[in-house]
Number of protein chains: 2
Amino acid sequence: MDQVNLKKLAKELNLAVSTVSRALRDSHEISPQTKERVRELAEKLGFQPNPHASSLRQNKSKTIAVIIPEIENNFFSQVINGIESVTPNKGYHVLIYLTHEDYNKERDILQLLRNGRVDGIMVSVSNTTTNLDHIEAWHAAGIPLVLFDRTSEDLDVPNIMTNDAEMAFKATEHLLKRGCRNIAYLGMTGNLSISNRRKAGYLTALEKYKVPAPPQIIELTAKDYINRDILKQLFEQQPRPDGIFAAIEKFAVNAYEVCKELHLHIPQDVKVISFSNLQAAALFDPALSTIIQPAYDIGREAANILFKIIEKKMLMPYEKKMVLPSQLIERASTAVTGK
Amino acid sequence: MDQVNLKKLAKELNLAVSTVSRALRDSHEISPQTKERVRELAEKLGFQPNPHASSLRQNKSKTIAVIIPEIENNFFSQVINGIESVTPNKGYHVLIYLTHEDYNKERDILQLLRNGRVDGIMVSVSNTTTNLDHIEAWHAAGIPLVLFDRTSEDLDVPNIMTNDAEMAFKATEHLLKRGCRNIAYLGMTGNLSISNRRKAGYLTALEKYKVPAPPQIIELTAKDYINRDILKQLFEQQPRPDGIFAAIEKFAVNAYEVCKELHLHIPQDVKVISFSNLQAAALFDPALSTIIQPAYDIGREAANILFKIIEKKMLMPYEKKMVLPSQLIERASTAVTGK
DNA sequence: CTGTTAGCGCCTTCAG
DNA sequence: CTGAAGGCGCTAACAG
């Protein structure tokens, strides 16, 4: 690899390395003619400054890391899209890390990155994460960090998320208004604040509407086949739930699968609503009522806030805890039926 | 940021920097006792070597780049998942770049990375890419590169893909055997070899079965609303297509949307099959027949091959052009109906 | 087995 | 306006 570097340019132009460097960075103390000559040759030879050298020298990497539980998930894909809508303009690069919902991996990744490889990180914590020391330590080290979606209210770190509790309340209320009286909540295992917010919204709605049946909080996993087993049991118990509120898109899919298998009809036998960012939800049989999260915006705003911290700008109060509203879309899966 | 570095460790231990460096890299020429002392302190202080310094010194970055057209697409998400199944074991980091199907962006990204920031790249080219000089130039510079899915047979570069032509043939044949006589192909604009392979499979099937109706190759775009307009026109013409073969998942979704709007029934009025990696395809109304690509495996194998090149190992002949088979799943959208 | 030395390529004083 | 020199942190060649 015959890399062109500053030295080569300097020699070719009979200039000092420092002059070339300054010319390329458009320093005001270089004559226009010299700048022009330098730029011309640099262009011609396709010069690209060695990023490791400048990172080493300047102690910044022009790189951020995005740490997410999984990627086969519309929500996180859309978030990445949102992040990518700002990074190139900032001249930044994006590293992706997957924790696969494993706390140990999450902790190790953060540890691995604590050496200047990145200028900042964006994290959506795994659902097996109960101890937030690794986040705290990172933050304490003064390295820019934002949490999104799977956030934590306990730490003094910018949180970017949606109005989970409110939408969970509305979703449950929606099911109640459509006649459900025995609503099960399908959530993640773990003790994430996002789960708690959604659970709380569900419980508040049951309470407000004085539903006699006890709440049913079902904790599902990352494995489809386990979830289907659990759901089968759920549907075979008496009284059978007549409403399902899935806090995760994947779980709604699992519920549909099991209903099909058990020949339960949606929405006649059971109504379903779910947090979901799947465009194709409208094409389901029946069309799935969803709460659409502003995933792209969450990614974009989280990135913007991270860059503000990296650039040492002051954050506005609302940027420390930003809540972007979701939208409830009513479809056939929660329609009222004659039955 | 009070970074610990080799110098600090060396001073603390009364050793030379090089000794500490060697101890940490488990060099055979360091006494076990010294290694132990060094490791202990390094552990205690949470030492992480500065990656920019070693990258600069060793001229390698332990980083690869994945360059894809878009990320809100199950296929590419699953590919990334596959890639990520090998990178951490190799001690490698993954940068993500999106071209948004824009040739200029693709070219610029490759240019941007030609400075040692990455040790290799994995590319799935954009559909607006007709000129492959940027790929060729990258390859000529001797930097490791593999193409996946959206590949090019013209370049002497490892290609990892699925059996597109064969599956396109089978999909078309499947529609024919289910009674379709007027099948439209929905593909991407552009002249990608993947599109050509799928188109070719479609045309071969029509030819082999001596279908009298002329082939209908419909080119759709990245914008849903444009696609819906085009499809509406398609369905309003006479004779109306009685079969749709979508080369891209998104286009099948668009077709479903339009059928719904026009009150066309699938599969009675028109049968639909599509390349798709959407788990929820089985839940569509009606369940969508799909050709499932081995996306995860493509990602994993492409990464493995890239690492072989990076490690300067010889490639087996089959690794230069690896074809991983897809699977056709027949569902209700192509069922035979009484009508 | 350990220490000394010399860069990797870039940026930033400090001198002219 | 330009040049010379030093050093970011790490590794590798060369001594001992």
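Just so it is clear: chains get the letters A, B, ... in the order the sequence lines come, proteins before strands, and each one is counted from 1.
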Expressed in angstrom and rounded to an integer, what is the separation of B/Q58 atom CD from C/dG7 atom C1'? 14 Å
Any A/S18 side-chain nitrogen or oxygen under 4.0 Å from OP1 or OP2 of C/dT12: no
In whole Å, I'd like the distance from the NE2 atom of B/H52 to the P atom of C/dG7. 24 Å
Length of the CG-C1' vector between B/D26 and C/dC1, whole Å: 15 Å
Got a sec, which residues hit side chain to side chain contact (heavy atoms under 4.5 Å, CB included) with A/A10, two or more places apart in sequence or on another chain? A/V17, A/V20
Whole angstrom value for the distance that separates P of D/dG3 from CD1 of A/I30: 8 Å
Which part of the nucleic acid, if any, lies within contact of A/R22, taking any heavy atom under 4.0 Å across all strands shown: a base, the sugar-phosphate backbone alone, or nothing? base
Given C/dG3, D/dC1, D/dG9, the nucleotide with the shortest approach to the side chain of B/L15: C/dG3
How would you label the contact of A/S54 with the nucleic acid (heavy atoms, under 4.0 Å): base, sugar-phosphate, or nothing? sugar-phosphate
State whether the number of non-hydrogen atoms from other residues, nucleotides or ligands found under 6.0 Å of A/D26 atom CG is greater than 12. yes
Would you kindly give the CD-to-C1' distance between A/Q48 and C/dC10, to the nearest whole Å? 14 Å
Should we say atom CD of B/E311 is surrounded by more than 12 heavy atoms from elsewhere, each under 6.0 Å from it? yes
Is any side-chain N or O of A/S31 closer than 4.0 Å to OP1 or OP2 of D/dT2? yes
Does A/K7 or A/V17 map to a spot on DNA chain C nearer the 5' end, using the closest nucleotide for each? A/K7
Using distance only, find each side-chain donor-acceptor pair of residues 121-131 of chain B under 3.5 Å and give its atom names and separation, not counting sequence neighbours.
{"unit_1": "B/S124", "atom_1": "OG", "unit_2": "B/F148", "atom_2": "O", "d": "2.8"}
{"unit_1": "B/S124", "atom_1": "OG", "unit_2": "B/R150", "atom_2": "N", "d": "3.3"}
{"unit_1": "B/S126", "atom_1": "OG", "unit_2": "B/T128", "atom_2": "N", "d": "3.1"}
{"unit_1": "B/S126", "atom_1": "OG", "unit_2": "B/T128", "atom_2": "OG1", "d": "2.9"}
{"unit_1": "B/S126", "atom_1": "OG", "unit_2": "B/T129", "atom_2": "N", "d": "3.4"}
{"unit_1": "B/S126", "atom_1": "OG", "unit_2": "B/T129", "atom_2": "OG1", "d": "3.1"}
{"unit_1": "B/T128", "atom_1": "OG1", "unit_2": "B/E101", "atom_2": "O", "d": "2.7"}
{"unit_1": "B/T128", "atom_1": "OG1", "unit_2": "B/Y103", "atom_2": "N", "d": "2.8"}
{"unit_1": "B/T129", "atom_1": "OG1", "unit_2": "B/E106", "atom_2": "OE1", "d": "3.3"}
{"unit_1": "B/T129", "atom_1": "OG1", "unit_2": "B/E106", "atom_2": "OE2", "d": "3.2"}
{"unit_1": "B/T129", "atom_1": "OG1", "unit_2": "B/S126", "atom_2": "O", "d": "3.4"}
{"unit_1": "B/N131", "atom_1": "OD1", "unit_2": "B/D133", "atom_2": "N", "d": "2.7"}
{"unit_1": "B/N131", "atom_1": "ND2", "unit_2": "B/D133", "atom_2": "OD2", "d": "3.4"}

Is the phosphate of D/dG3 approached by A/T19 (side-chain N or O, under 4.0 Å from OP1 or OP2)? yes
If you pin B/E29 and B/P51 to their nearest nucleotides in DNA chain D, which one's is more 5'? B/P51
Rounded interatomic separation in angstrom, taking CZ from A/R25 and C1' from D/dT2: 17 Å
Contact class for A/N115 vs. all strands (heavy atom < 4.0 Å): base, sugar-phosphate, or nothing? nothing
How many Å lie between CG on A/L24 and P on C/dG9, as a whole number? 16 Å
Examine distances only and state if a side-chain atom of A/S85 and a backbone atom of A/G82 form a donor-acceptor pair shorter than 3.5 Å. yes
Categorize B/S55 for me: base, sugar-phosphate, or nothing, with a 4.0 angstrom heavy-atom threshold over every strand shown. nothing
For A/N5 and C/dG9, what is the distance between atoms CG and P respectively, to the nearest whole Å? 5 Å
